[in-house]
Amino acid sequence: MPRVNFAILVLLLGTSVVAAAEPLRDVIDREVAKAWAEKGLEPAARSTDAVFLRRVHLDLVGTIPTHDEAVAFLDDTSPDKREKLIDRLLADPRFGRKQGDEWDMVLFGRNPAGYDTRDRPGFQKWIAERFNDNTPYDVWAAAVLKAEGNSADHGAPLFLVQYDRRPLDAAVAVSKIFLGVQLECARCHDHPFEDYTQLDFYGMAAFYERLRKVDLGTTRVGVHTNVKKIVVGERNTGEVLFSGAATDQTPGKKGEAVAPKFMQGDVLEEPELPEGVEDPKSFPAKKVPPAPHFSRKDALADWITSPENPWFAKAVANRIWAQYMGRGLVDPVDNLAPSNPPSHPELLDALAAGLIEHDFDLKWFIREITSSRTYQLGHTGSVVDARPRWFERARTRPLSAEELADAWRVATDYLSVRPDAAQRVEKNRFDPLTSGFVLRFFGKPNNGVGDFQGGLSEHLYFNNGQVTSLISTSKGGLYDRLAGSEEPWEQRVERLFLTVLSRRPKPAETERFVAHLAAEDDQQDRLREAIWALMTCSEFRFNH
Amino acid sequence: MTHCPTHEHLSRRSLLKGTLATAAGGTVLNLGSLFNSKAVAEAAARQGKRCILLWLNGGASQFETFDMKVGQETGGPFRPIQTKLPGVEVCELMPRIAGMTDDLCVVRSMRTSQIDHPGGIHLMHTGYSKTTGIRYPELGAVVGKYLGNPDLDLPSFVKIASNGDTGAGFLGPRFAPFSLNHSGRLPSFSKSNLDPALESRRHALRSFLEETYAEEHPAETSKMHREAYDQARRLQNVLDVFDAEEEWPRYKDMYGDSLVGKRCLIARRLVESGVPFVEVGQSGYDTHADNFSGHKSRVPTMDHAWSGLLTDLKQRGLFDDTLVIWMGEIGRTPRINNRSGRDHYVRAWSTALAGAGVKRGYVHGKTDEKGYDVVDGKVTEGDFFGTVYKALGIDTEIQHYVGIRPIPITPFGGEVKDELLA
């Protein structure tokens, strides 16, 4: 049994600021306001309905509302309309896909390591389902860490497939993603300013030394054919070798075997391997390899996902907070080291304790965050930081490549133009745009530390590229609806703004756009220009 | 510090005020060009140092270029020729460069760590070996970040027929390469197809939205987005810099009538217009078979283009501020295999530098008599990158951060080799 970290659990719950029945959203607002008072900060006013509508749509379902959805929400006068909207979006099947996209980037990124992980339809389907059926986080995280099932039908094993025969890299990724602990430094030397030793690192790597991916052939996942079916087998033998600090190493000197050891915890107690057990030289392809007598990776998965683990709940609470609020209480999100303390320590404890109490119910957690006053603040203010440290106003974040494509399709009524759109989108997420271009120009809009960076090429694409191909003149599209309408231009401009920016135009905007559109010359071009301007402007590019 | 102090910068914005006033009302097309006048362009071009990387993809042989081993079984069939430097010989495939060795700083003692192509291409573009979870920036992105002039209408990092594949890495899209293909064609979507009057009208409408938004959104993010949009439009003013067709007839003797020659001419046009980094690729050096005919068909072309480039830079007074690097990702084996080929080798190989910040007429390091090992003046990838940064006047102590992890600009373990520097 790994050491049970009662001390930390007691600390978490004992000093918890959660009163018995106080909803987490109120704890959030109280703790954040406490910091404002200490810092003498003035928060922004509550967001307008239109700002909230667009923000929460993008955050929960990864796209903007349709014209009719926008009108219905804006004109709804019931006081609980925001809560109803949040509930509706949490129940929308697109919720799973959006959250799946987020975790796909956490677990793989745009350029995943290793072979066989570039296309991930099986995993993406699986993770979306986990969010839609609200599988508790500890349960699905354990499935990922135990590599349950195969990579096409269940998806989960694909994460460890990335690190096939690279136990050191697996240890780095697992610690960082699931525990918020950055072990990289301890790869070559004891961590210079944290309490992680090089043996902590090799001890974690030892859990993954025996893994081998096995190819079972190909199968079909939805519209995707020839999807590789991979399982992760575990051998009975094999040790990770440690040959001392990089500076002390000598060529030819073989290292010593390091036993698996939980991070800053005990050495794994393993049952004796029965006599005469021999591993095959390698697992034969096309056959599910036999389970090992004792699985090291499963033991680590159980230790990581236990509510008693000192990092697990905090790491995910902080990560999801950052997803919605722009910045982790600990920033960067994957470094929960003592030298990098949280901005709101008591709040982070409360978020983690709440998750444990609610058995890692992520829908509940996300509902609490998005229902808080803090999340629903306006986005205007004098702070130039796109991710305000004290959450005194909403963050500004760029739309992801997936969100941009989804939002552009909604904005242009592309789904009405193409009856087969749903199928096309399943094949190419960025339809009708070329996925290679969209990923190249919008796939990674950040510098190394999470801040957006404008690039020349994204604007060349906006200005001279494929964006206009979305503005179809076919029946049912936004263009056709506006061009074919008999309504006065004022009303058409209102529809245009509601469809693309999910808000009504301001008087000055109506005036400017009517002047542009009502001119006698180049009517078709003018309408296209107006739609293009709204689709490419900063207001569209960002979620604020 | 390297780049010129702020007060010496030409301010695009201040210059723009004048030009924009004439465009008030948005009816006159104004792409916000800085370089309406040649004099302004020339003044801008004189600021700061630049770098051209001649990239020999596949890995050129040191034995068929700068480190001949005449009379040894590793030597190969070519003859050496005397250069301008007493006692220094190079391969007969490089007659023109032989005549310019008094401008070169040759390194005969490279010792690097990545022996295959993907690893080597990454290593010699970034100074670092590939690491899971970190996208290192290429040399061009780092140079763009520290030597780029944000007021320039042109991109700071241009590649022509090139091979590096990590681009700006963690430095982000702002420093991403702008890549021309093997014949110098512009990347997709560079050029506006709109009628200028229509483009202008569309721009005016979009600007109206942006101005309203900017008033309410002071976030850096939106500012950066607006600036990049401006840059995309301003690029339209300077697209002709990429087009060497008109100049080519007059220069093809100087650069040699080859694609590589033309790429080098484009590179010269770009650095002359203020672009701080251009990479020119030449491929086909991976001569596991027929190494000698392979080099015979490539080295002379590069010799002509390279010497033409150096000559042209000198004639235009750009040589002192432009560092020209000649290298590939690996060297080639001393042993000649049974297909008359040479395989990959990184224990001892050659690179060459010329121009800004480096010694002239200098040969650094030495290999043993058969070329198996470095016997003097070893230069690792870390040393090489540190030295290049210093030659360009970039602070070699800079640390970049990926999350909390510091990534020094001079790769771990690397040290600046002052012997190479002027």
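Each chain gets a letter, A, B and so on, in the order the sequences are listed, and its residues count up from 1.
- Put simply, the side chain of B:Phe170 does not reach to within 4.5 Å of the side chain of A:Asn446, judged on heavy atoms.
- Residue A:Gln466 holds its CD atom at 8.5 Å from OG of B:Ser188, rounded to the nearest 0.5 Å.
- Heavy atoms of other residues, nucleotides or ligands lying less than 6.0 angstrom from CD of A:Glu511 number 12 at most.
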Next item on the list: Go through B:Phe189 and A:Phe437 one step at a time and tell me if the ring-ring contact (aromatic ring centres under 6.0 Å, His included) criterion holds.
Entry: CA-CA 10 Å; B:Phe189 316 125; A:Phe437 288 137; 4.8 Å; yes
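- Only the side chain of B:Thr212 comes within contact range of chain A, judged by heavy atoms closer than 4.5 Å.
- Of the possible donor and acceptor atoms, one in the side chain of A:His459 sits under 3.5 Å from a partner among the backbone N and O of B:His225.
- Within the 4.5 angstrom heavy-atom criterion, only side-chain atoms of A:Phe542, from C-beta onward, approach chain B.
- Summarising the local packing, OH of A:Tyr115 is surrounded by 12 or fewer heavy atoms from other residues, nucleotides or ligands at distances under 6.0 Å.
- Note: A:Gln453 CD to B:Thr221 OG1 = 11.0 Å, rounded to the nearest 0.5 Å.
- Summarising the geometry of A:Ser538 relative to B:Ser222, their closest heavy-atom pair is OG-O, 4.3 Å, with the distance given to 0.1 Å.
- A donor-acceptor pair under 3.5 Å is absent between the side-chain atoms of B:Glu210 and the main chain of A:Cys537, judged by distance alone.
- One distance of note links CG of B:Leu209 with CZ of A:Phe540; it measures 12.5 Å at 0.5 Å rounding.
- Looking at A:Asn111, the atoms closer than 4.5 Å to chain B (heavy atoms on both sides) all sit in the side chain, from C-beta outward.
- Side chains of A:Leu456 and B:Arg174 form no contact here, defined as non-hydrogen atoms less than 4.5 Å apart.
- When the candidates B:Ser190, B:Pro155, B:Ala176 are compared by the number of heavy-atom contacts under 4.5 Å with chain A, B:Ser190 comes out ahead.
- Taking 4.0 Å as the cut-off between side-chain N and carboxylate O, B:Arg202 and A:Asp525 do not count as a salt-bridged pair.
- Taken to the nearest 0.5 Å, the CG atom of B:Asn193 stands 11.5 Å off from the CG atom of A:Asn463.
- Residue contact with chain B, scored on non-hydrogen atoms closer than 4.5 Å, involves the side chain of A:Asn335 exclusively.
- For B:Leu235, the part lying under 4.5 angstrom from a heavy atom of chain A is the side chain only.
- If you measure heavy-atom distances from A:Gln162 to chain B, you find no contacts under 4.5 Å at all.
- Within 6.0 Å of the CZ atom in A:Arg110, the count of heavy atoms belonging to other residues, nucleotides or ligands exceeds 12.
- Side-chain atoms of A:Leu460 and B:Gln236, non-hydrogen and from C-beta on, do get closer than 4.5 Å to each other.
- With a 4.5 angstrom heavy-atom cutoff, A:Lys176 does not touch chain B via any of its atoms.
- Expressed to the nearest 0.5 Å, how far CD of A:Glu458 lies from OH of B:Tyr229 amounts to 12.5 Å.
- Residue contact with chain B, scored on non-hydrogen atoms closer than 4.5 Å, is absent for A:Arg387.
- Closest of all the heavy-atom pairs between B:Ala228 and A:Gly455 is CB-O, 3.6 Å.
- Counting non-hydrogen atoms of neighbouring residues, nucleotides and ligands closer than 6.0 angstrom, the CD atom of B:Gln399 exceeds 12 such neighbours.
- Minimum interatomic distance between B:Phe208 and A:Ala508 (heavy atoms only, all atoms of both residues): CZ-O, 3.6 Å.
- Heavy-atom distances place both the backbone and the side chain of A:Ala530 under 4.5 Å from chain B.
- Here the CG atom belonging to B:Leu205 is positioned 9.0 Å from the CH2 atom belonging to A:Trp532, to the nearest 0.5 angstrom.
- In this structure, the portions of A:Glu539 lying under 4.5 Å from any heavy atom of chain B include both its backbone and its side chain.
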Note to self: Could you go through A:Thr536 and B:Arg206, starting from their C-alpha distance and side-chain angles, then the distance that decides it, and tell me whether this counts as side chain to side chain donor-acceptor pair (under 3.5 Å)?
What the structure shows: CA-CA 8 Å; A:Thr536 64; B:Arg206 191 182 180 282; 3.0 Å; yes
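- Only the backbone of B:Lys191 comes within less than 4.5 Å of a heavy atom in chain A; its side chain stays farther off.
- Residue with the most contacts toward chain B among A:Lys444, A:Arg395, A:His544: A:His544 (heavy-atom pairs, distance under 4.5 Å).
- Counting heavy atoms of neighbouring residues, nucleotides and ligands inside a 6.0 Å radius, atom NZ of A:Lys506 exceeds 12 of them.
- Of the residues considered (B:Arg405, B:His400, B:Lys223, B:Glu216), B:Glu216 shows the highest number of contacts with chain A, using heavy-atom pairs under 4.5 Å.
- In this structure, chain B has heavy atoms under 4.5 Å from both the backbone and the side chain of A:Thr380.
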